[in-house]
Amino acid sequence: MPMIIPLLLAQAVISTPTDRSYILATTERTMAELVRCLDVEWEDEGVSDETVTAYGTKVDFRFSNLGGAVQSPSVTMEVHEGEKRTLVMYGFKAWRGAIKAFWNNTAKKCFPELNNPAVVKPAKT
């Protein structure tokens, strides 16, 4: 029973999207290792920008196009610091509900133990 309270508190800190699909996973990999791998993997397809936040690091990815990079993020990966790192990935516009393939391509190189996760879909209202 005492283990349930810290787990609930940890989940309460992580704010997940309510209007789009997302993937939530936990890993023992370090923050530095995760962010470095995201930068390397995502730079082949577009531009990634890191932002240090109160919870850890947020990495926004924008696909490249012929004139440069798309202005708005296509996908965001939040890496929350804790006893283990909690990853939250969600997409924007066309990627709002199509993030599993993007996650799996990233996971092959960055966190293969987390390949093929469940996608959390928004509640229908």
Per the ring-ring contact (aromatic ring centres under 6.0 Å, His included) rule, which among Phe61, Tyr22, Tyr90 passes with Phe102? Phe61
Heavy atoms of Ser48 and Glu43 approach each other most closely as OG-OE2, 3.0 Å
With a 3.5 Å cut-off and no angle check, do the side chains of Thr27 and Glu113 form a donor-acceptor pair? yes
Quick check against the 3.5 Å criterion: does Lys109 have a side-chain atom that pairs as donor or acceptor with the backbone of Glu41? no
Distance, nearest 0.5 Å, that separates CE of Met77 from CD1 of Ile99: 9.0 Å
For a 4.5 angstrom cut-off between non-hydrogen side-chain atoms, does Val75 reach Met89? yes
How far does OG1 of Thr16 sit from CD1 of Ile23, to the nearest 0.5 angstrom? 13.0 Å
Please evaluate residues Lys84 and Glu28 with respect to the criterion salt bridge (charged side-chain N to carboxylate O under 4.0 Å, His left out), reporting the C-alpha separation (whole Å), side-chain torsions for both, the decisive distance (0.1 Å), and the verdict. CA-CA 5 Å; Lys84 295 182 179 182; Glu28 293 186 6; 3.5 Å; yes
SG of Cys37 to CZ of Arg29, rounded to nearest 0.5 Å, is 7.5 Å
Check whether any side-chain heavy atom of Pro122 sits under 4.5 Å from a side-chain heavy atom of Ser21, and report yes or no. yes
If I take atom CD1 from residue Ile14 and atom CG from residue Leu24, how far apart are they, to the nearest 0.5 angstrom? 6.0 Å
Connected via hydrophobic side-chain network under 4.5 Å: Val59 and Met31: yes
Compare all side-chain heavy atoms of Arg20 with those of Phe92 and state whether any distance is below 4.5 angstrom. yes
Side-chain donor or acceptor of Asn104 paired with backbone N/O of Asn116 under 3.5 Å: yes
Is it the case that the side chain of Trp42 and the backbone of Asp49 share a donor-acceptor pair, with hydrogens and angles ignored and the cut-off at 3.5 Å? no
I'd like to know whether Glu45 forms a side-chain hydrogen bond (donor to acceptor under 3.5 Å, both in side chains) with Ser64, so could you lay out the CA-CA distance, the side-chain angles of the two residues, the decisive distance to 0.1 Å, and finally the verdict. CA-CA 6 Å; Glu45 302 293 327; Ser64 293; over 6 Å; no
Distance in Å, Glu78 CD paired with Tyr55 OH, rounded so as to fall on 0.5 Å steps: 3.5 Å
What's the separation between atom CG in Asp39 and atom CD in Glu50, rounded to the nearest 0.5 Å? 4.0 Å
Test your reading of the model: is there a side-chain donor-acceptor pair from Arg96 to the backbone of Asp19, 3.5 Å cut-off? yes
Considering all heavy atoms, the nearest Ser74-Trp95 contact: O-CB, 3.5 Å
